[in-house]
Amino acid sequence: MEKFVINGGKPLKGTVHISGAKNAAVAILPAVLLSDEPCIIENLPEISDVSSSLNALSSLGAVIKPINKSTVEIDPRPANSFIVSKEIAKGMRASSYFLGALLGRNSRAKIAPPGGCDFGVRPIDQHIKGFEALGARVIIENGMVDAKAKKLSGCSIYLDVVSVGATINIMLAATKAEGLTVIENAAREPHIVDLANFLNSMGANIMGAGTGVIKIRGVSHLFGTTYSIIPDQIEAGTYMVAAAATMGDVLIDNVTPKHLESIVAKLVEVGAQITENDESIRVKMTSRPKKCNIKTMPHPGFPTDMQPQFATLLSIADGTSIVTEGVWDNRFRYVEQLTLMGADIQVDGKSAVITGVNRLNPSPVKSVDLRAGAAMIIAGLMAKGETTVEDIEHIDRGYEKLAEKLTMLGADIKRVDDLSEYKVIKNA
Ligand code: EPU
């Protein structure tokens with residue numbers, strides 16, 4: 001088993017380059033199945049969720065040709081299967097996007113229920129409601145979700161909850177359906193706009209992505225395209241918070257500042273100095289963070305995927321902060337780990353009351369999910385001395401070359417193999 005060993009207490013300084021967005025990549029890769037020609041996808045992050053999506057595409061019969069580390073050419077024409085197996089689906093939440101993509105391509109899809117981070121119950125009822133409204137019949141049998149349709153026809157769907165996954169899945173299924181589909185109460189995340197831009201670049205007719213109402217006029221063919229994925233908003237936010245939490249001074253490069261507004265607003269509130277440029281943001285912190293309250297919400301609200309990292313910063317704030325989780329039922333499982341490092345956090349249902357302590361102490365901790373793992377890395381960078389972070393396969397799902405990027409910023413972090421006592425494997 002691999003783990004990160006961090007010798008913390010050093011301010012991060014320098015420039016970090018942000019990779020392509022995980023949550024856009026895992027939607028765009030299945031969407032290639034809707035194309036009638038090969039596509040080239042650029043700016044893919046080198047993370048295990050992208051490898052899992054590419055494996056799923058090849059298991060369906062698509063031909064993947066790597067062009068360089070962040071670019072692949074995908075020929076979906078030979079894909080003749082409609083089944084994504086349990087082994088492939090279990091590793092990532094976004095495997096559910098193969099339902100919408102395969103349904104849109106073949107009017108038939110069968111996949112094992114998606115895996116991904118454990119935040120309590122993760123239903124897909126709104127996805128299914130959308131597929132059924134488009135004319136599909138969906139059954140769950142022998143541990144597989146099976147969706148089939150004679151033909152998909154445009155319809156109006158009102159989502160009962162703002163769901164990123166349901167919005168994306170319905171867009172995928174509706175792109176080649178007959179007639180007009182309207183999704184109301186749609187999610188507005190940057191990766192939804194990126195998916196719409198990708199599909200439109202292949203000849204789809206999608207309007208309103210980024211607003212609460214998305215209109216999709218079905219087309220019968222999609223052409224090949226070359227498309228570059230947007231920068232990762234959450235990777236950028238994680239380095240921004242790490243810079244502030246270590247009293248550092250970091251230029252976060254290759255970002256879309258518009259996507260980071262809610263994170264910037266909260267960093268300003270805790271006392272960080274922020275300079276925004278066209279494609280980069282500088283975060284500098286010179287004093288103990290001030291307390292601040294946060295409530296996570298769908299975009300453009302403060303992202304739930306930044307909640308554990310920001311709560312870690314607030315654990316050393318001057319005063320008491322309240323963090324309220326407005327998206328997931330159970331996203332405070334990491335708190336137990338932070339308290340091992342001396343944080344004073346009381347969780348009551350969907351809120352955490354964080355009483356700032358003077359410092360965090362180093363400790364062995366676990367990464368309980370992807371963003372919780374990122375939070376533990378930040379905590380390790382803050383605490384003076386040696387912190388080890390275990391179960392890092394969660395972190396590998398979403399952060400490209402984390403140790404390398406942090407080392408470039410002056411951190412002392414190594415990926416080691418647990419079995420061969422602190423043998424450095426690679427800084428990846
Ligand atoms: N929900 C339902 N029914 C559904 C779908 C969702 O009740 O059919 C509820 C969920 O239980 C949750 C809320 O709606 O309470 C929002 O869930 P959503 O569907 O938006 O989440 P998701 O699509 O499963 C994506 C991201 C998550 C991120 C959430 C919220 C991807 C691959 N995953 O998940 O990202 O937390 O949106 O922004 O895009 C991460 O990157 O670390 C991550 C977990």
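First listed ligand is number 1; within each ligand, the first listed atom is number 1. For the numbers below, each heavy atom of this structure counts, side chains included, while hydrogens, waters and symmetry mates do not.
- Those atoms of ligand 1 with a heavy atom of Lys22 less than 4.0 angstrom away are 40 (C), 41 (O).
- Comparing Asp160, Ile192, Asp369, Asp305 by heavy-atom distance to atom 36 (O) of ligand 1, the nearest is Asp305.
- For ligand 1, the atoms closer than 4.0 angstrom to any heavy atom of Gln126 are 3 (N), 4 (C), 8 (O).
- If you check the side chains of Tyr399 and Asp232, you find no donor sitting under 3.5 Å from an acceptor.
- Side chains of Ser321 and Lys290: a donor-acceptor N/O pair is absent below 3.5 angstrom, by distance only.
- For the atom pair CD of Gln309 and OH of Tyr334, the computed distance is 8.5 Å after rounding to the nearest 0.5 Å.
- Counting only non-hydrogen atoms, the option in Val164, Thr296, Asn23 that gets closest to atom 33 (N) of ligand 1 is Asn23.
- How far CD1 of Ile392 is from CE of Met1: 8.5 Å, rounded to the nearest 0.5 Å.
- Of the polar atoms of Val26, none of the N or O atoms is found under 3.5 Å from an N or O of ligand 1, judged by distance alone.
- The closest side-chain heavy-atom distance from Ile47 to Arg397 is not below 4.5 Å.
- Within the model, atoms OG1 of Thr246 and CE of Met285 stand 10.0 Å from one another, a figure rounded to the nearest 0.5 Å.
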For side-chain hydrogen bond (donor to acceptor under 3.5 Å, both in side chains), just list the numbers for Thr256 and Glu279, CA-CA rounded to whole Å, side-chain angles, deciding distance to a tenth of an Å, and then say yes or no.
CA-CA 6 Å; Thr256 307; Glu279 289 182 0; over 6 Å; no
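- Remark: Asn68 CG is packed, more than 12 non-hydrogen atoms of other residues, nucleotides or ligands lying under 6.0 Å away.
- Checked by distance only, ligand 1 and Leu370 stay at 3.5 Å or farther apart across all their nitrogen or oxygen atoms.
- Not one N or O of Thr304 is nearer than 3.5 Å to an N or O of ligand 1, by distance alone.
- The closest approach between any non-hydrogen atom of Gly398 and ligand 1 is not below 4.0 Å.
- Contacts between Arg331 and ligand 1 below 4.0 angstrom, taking non-hydrogen atoms only, involve the side chain exclusively.
- Near Gly165, meaning under 4.0 Å from one of its heavy atoms, ligand 1 places the atoms 19 (O), 23 (O).
- The nearest non-hydrogen atom to atom 15 (O) of ligand 1, considering only Ile234, Val327, Asp329, Thr167, comes from Val327.
- Considering all non-hydrogen atoms of both residues, Leu103 and Ala136 come closest at CD2-CB, 4.0 Å.
- Among Pro308, Pro303, Ala27, Ser163, the residue whose heavy atom sits closest to atom 19 (O) of ligand 1 is Ser163.
- Residue-level proximity to ligand 1 for Ala166 is absent, since no heavy atom of it falls below 4.0 angstrom.
- Every atom of ligand 1 with a heavy atom of Tyr97 under 4.0 Å away is listed here by number and element: 39 (O).
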